[in-house]
Protein chains: 2
Amino acid sequence: MQSYTEENYLKIIYHLAEKTTNVQTNAIAEQMQTKPASVTDMIKKLADKGLVDYIKYQGVTLTETGKNAAIDIVRKHRLWEVFLVDKLNFKWDEVHDVAEELEHIKSTELIERLDEFLGFPKADPHGDPIPDKNGRFAKTQFIKLIELKVGDTGTITGVSQHSSAFLKHLEKLGLTLGIPIKISDITDFDGSVEIQLADKQVNISREVAKHILISSNGKN
Amino acid sequence: MQSYTEENYLKIIYHLAEKTTNVQTNAIAEQMQTKPASVTDMIKKLADKGLVDYIKYQGVTLTETGKNAAIDIVRKHRLWEVFLVDKLNFKWDEVHDVAEELEHIKSTELIERLDEFLGFPKADPHGDPIPDKNGRFAKTQFIKLIELKVGDTGTITGVSQHSSAFLKHLEKLGLTLGIPIKISDITDFDGSVEIQLADKQVNISREVAKHILISSNGKN
DNA sequence: AAAAATTTTTAGATTTACCTAAAAATTAAA
DNA sequence: TTTAATTTTTAGGTAAATCTAAAAATTTTT
Ligand SMILES: [Mn+2]
Ligand SMILES: [Mn+2]
Ligand SMILES: [Mn+2]
Ligand SMILES: [Mn+2]
């Protein structure tokens, strides 16, 4: 059994490992909002427990055990987010912090029943996949909206930025999950993207377009 | 803001204060499953924070602030228990431990929405009253089943013992919340109580009868 | 391949919540 | 009202998770 803190380290290492194989001390420190020296201490502890492989100065990778533990926490986090949005009517920009706490509640029974209560959802309110109780989930192939060309169509199925400010912005524009879109223009001047929605057109900056994930209906 | 541990101390002091005015160090230690020396340490800390009044060797009492904090934790505990039973189909003997963890999740918004989602319940699965968001709740006047005389009738509305063993026992006998009962006999030999239910008679020991709470329909 | 910059680790402290053992105060018994 | 038993506190320490400052290793730049 891991401590609250150890669980947070595992989860953060897991997420960082989605981008780089060997996760660096400084990167962990930044995510954990702590100092590199503290990270080194914790890494040693996790290595002693067999949760990470660690070579001094070379960063860490999760062991199979460590990865499973991390995925379990991700599962809990995302299920709780679904609960908060679907059952308690939270907005998608309001759920992350509470889920950060709820994910540490230790009860397998609780999570299985919650999963059932929610109807075994496949994705959380931000479009991120929810691992099943065996830790399995489809590695979804999203395209970043910014990679689409004029005329391409698709459906918004995720975001790669979870800050409240960003999510509220999308909400205001009507760019929420499940919304079908078509790229109507890409501005020469600043590269901003004009998007055709069912009832209106909206213009978003490249920065915003980078963080919207699309399941493409095929290019044209 | 209190730590997880401080919250547990406050809650335990609150419950102990329902029986005695000045709560003793040893009593707290027993409930907290820790040593008296540790309790003294924590009491000093809580006193410094203005959550308890403390005179050396004289025990503690909660301040107004401390009491409010304690009631808030009790509220969360009981609401989560209702959630677990009503929504996730846990049995009344399975919810306490998980609620012990959930009660520490820090989000006023979460609890208010949960309360609403549950339909603003007035009592938890054990019949204990749930304080409203202002900390107010009716001080329910229960009679212990053991105090009833032959011929008295009433309804089971609470239990004063929350152990899984006890609750499972009651469940098996059909003695659950809301069940109307009538005392049909009190055995001379061992003082055990014979109870008439809608469809059957059951016999319970004095020890069990002590921990069943009845809202009386009046004596006869 | 040095020098410079960056990253990571070690060393030594701090804080929180514990602990044991022993001293002090209070309460109960003789 | 002494003595005995109980309760509570103090003193001194431990383990987990931090921190700062300084040393060591690695990487990047000249
Ligand atoms: Mn989240
Ligand atoms: Mn999410
Ligand atoms: Mn309970
Ligand atoms: Mn209860």
Side-chain angles (χ1 to χ4, degrees), chain A residues 1-17 19-62 66 69-70 73 100-101 103-104 106, chain B residues 1-17 19-62 66 69-70 73 100-101 103-104 106:
Chain A
M1 193 97 300
Q2 286 89 44
S3 74
Y4 189 107
T5 310
E6 287 165 358
E7 289 188 347
N8 281 332
Y9 271 92
L10 290 175
K11 188 184 57 168
I12 278 168
I13 294 167
Y14 175 78
H15 285 312
L16 288 169
K19 288 165 190 169
T20 44
T21 354
N22 272 43
V23 180
Q24 299 196 125
T25 305
N26 272 2
I28 299 170
E30 193 190 332
Q31 292 295 310
M32 282 292 297
Q33 310 212 72
T34 186
K35 305 288 147 141
S38 307
V39 173
T40 302
D41 287 346
M42 181 55 81
I43 281 171
K44 284 178 181 167
K45 196 175 150 192
L46 295 175
D48 286 346
K49 289 193 171 189
L51 297 163
V52 298
D53 290 320
Y54 168 56
I55 306 164
K56 267 189 195 177
Y57 293 97
Q58 302 301 122
V60 288
T61 53
L62 290 170
I73 299 156
E100 283 296 303
E101 286 193 62
E103 73 190 5
H104 300 289
K106 286 175 181 44
Chain B
M1 194 98 297
Q2 286 91 46
S3 75
Y4 189 106
T5 310
E6 287 165 357
E7 288 189 346
N8 280 331
Y9 271 92
L10 290 175
K11 189 184 59 169
I12 278 168
I13 293 167
Y14 175 79
H15 285 312
L16 288 169
K19 288 165 190 165
T20 44
T21 355
N22 273 43
V23 180
Q24 300 197 124
T25 303
N26 271 2
I28 299 171
E30 194 190 332
Q31 292 294 309
M32 284 292 298
Q33 311 213 71
T34 186
K35 304 289 147 135
S38 306
V39 174
T40 303
D41 286 347
M42 181 56 79
I43 281 172
K44 285 178 181 169
K45 194 175 152 192
L46 295 175
D48 285 347
K49 290 193 172 192
L51 296 164
V52 298
D53 290 319
Y54 168 55
I55 305 165
K56 269 189 192 174
Y57 292 98
Q58 302 302 122
V60 288
T61 53
L62 291 170
I73 299 156
E100 282 296 304
E101 285 193 64
E103 72 190 5
H104 299 289
K106 285 172 184 45

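Lettering of chains follows the sequences in order, A, B, ..., and the numbering in each one begins at 1. Nothing here was measured: the structure is a model prediction, and the numbers come from that model. Only this structure's heavy atoms are used, side chains among them; waters, hydrogens and symmetry mates stay out.
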Under 3.5 Å, sequence neighbours excluded: what are the donor-acceptor pairs made by side chains of residues 29-40 of chain B?
residue: B/Thr40; atom: OG1; partner: B/Pro36; partner atom: O; Å: 3.2

(request) Starting from P on C/dA25, measure out to CG on B/Asn22 and report it in whole angstrom. (result) 19 Å
(message) Using every non-hydrogen atom in the two residues, find where B/Gly59 and B/Tyr54 come nearest and quote the distance to one decimal.
(response) O-CD1, 3.8 Å
(request) Could you tell me which nucleotide pairs with D/dT30 by Watson-Crick or G-U wobble geometry, both distances under 3.5 Å, or answer none if nothing does? (result) C/dA1
(message) Give me the atom names and distance for the closest heavy-atom approach of B/Ala70 to B/Leu62.
(response) CB-CD1, 4.2 Å
So which protein nitrogen or oxygen atoms get under 3.5 Å of nucleotides 4-9 of chain D's nitrogens or oxygens?
residue: D/dT8; atom: OP2; partner: B/Asn26; partner atom: N; Å: 2.8
residue: D/dT9; atom: OP1; partner: B/Tyr54; partner atom: OH; Å: 2.3
residue: D/dT9; atom: OP1; partner: B/Tyr57; partner atom: N; Å: 3.1
residue: D/dT9; atom: OP2; partner: B/Thr25; partner atom: OG1; Å: 3.0
residue: D/dT9; atom: OP2; partner: B/Thr40; partner atom: OG1; Å: 2.8

(request) Can you sort out the partners of B/Asn22 under side chain to side chain contact (heavy atoms under 4.5 Å, CB included), two or more places apart, ordered by chain and number? (result) B/Gln58, B/Thr61
(message) When you compare the side chain of B/Ile28 with that of B/Val23, does any pair of heavy atoms fall below 4.5 Å?
(response) yes
Residues 4-13 of chain B side chain polar contacts: donor-acceptor under 3.5 Å, at least two apart:
residue: B/Glu6; atom: OE1; partner: B/Ser3; partner atom: N; Å: 2.9
residue: B/Glu6; atom: OE1; partner: B/Lys49; partner atom: NZ; Å: 3.0
residue: B/Glu6; atom: OE2; partner: B/Lys45; partner atom: NZ; Å: 2.9
residue: B/Glu6; atom: OE2; partner: B/Lys49; partner atom: NZ; Å: 3.1
residue: B/Glu7; atom: OE1; partner: B/His104; partner atom: ND1; Å: 2.6
residue: B/Glu7; atom: OE2; partner: B/Lys106; partner atom: NZ; Å: 3.1
residue: B/Asn8; atom: OD1; partner: B/His104; partner atom: NE2; Å: 3.0
residue: B/Lys11; atom: NZ; partner: B/Glu100; partner atom: OE1; Å: 2.8
residue: B/Lys11; atom: NZ; partner: B/Glu100; partner atom: OE2; Å: 2.9
residue: B/Lys11; atom: NZ; partner: B/Glu103; partner atom: OE1; Å: 3.2
residue: B/Lys11; atom: NZ; partner: B/Glu103; partner atom: OE2; Å: 2.7

(request) Could you tell me the separation between the CG atom of A/Leu46 and the CD atom of A/Gln2, rounded to the nearest 0.5 Å? (result) 8.5 Å
(request) Could you state the atom-to-atom distance from CG of B/Asp41 to C1' of D/dG13 in whole Å? (result) 12 Å
(request) Using heavy atoms and a sub-4.0 Å distance, could you list which residues of residues 4-14 of chain B are near DNA chain C? By number, please. (result) B/Thr5, B/Tyr9
(message) Could you report the tightest heavy-atom contact between B/Ile43 and B/Val52, atom names first, then the distance?
(response) O-CG2, 3.9 Å
(request) Write down the distance between CE (B/Met42) and C1' (C/dT16), rounded to a whole number of angstrom. (result) 8 Å
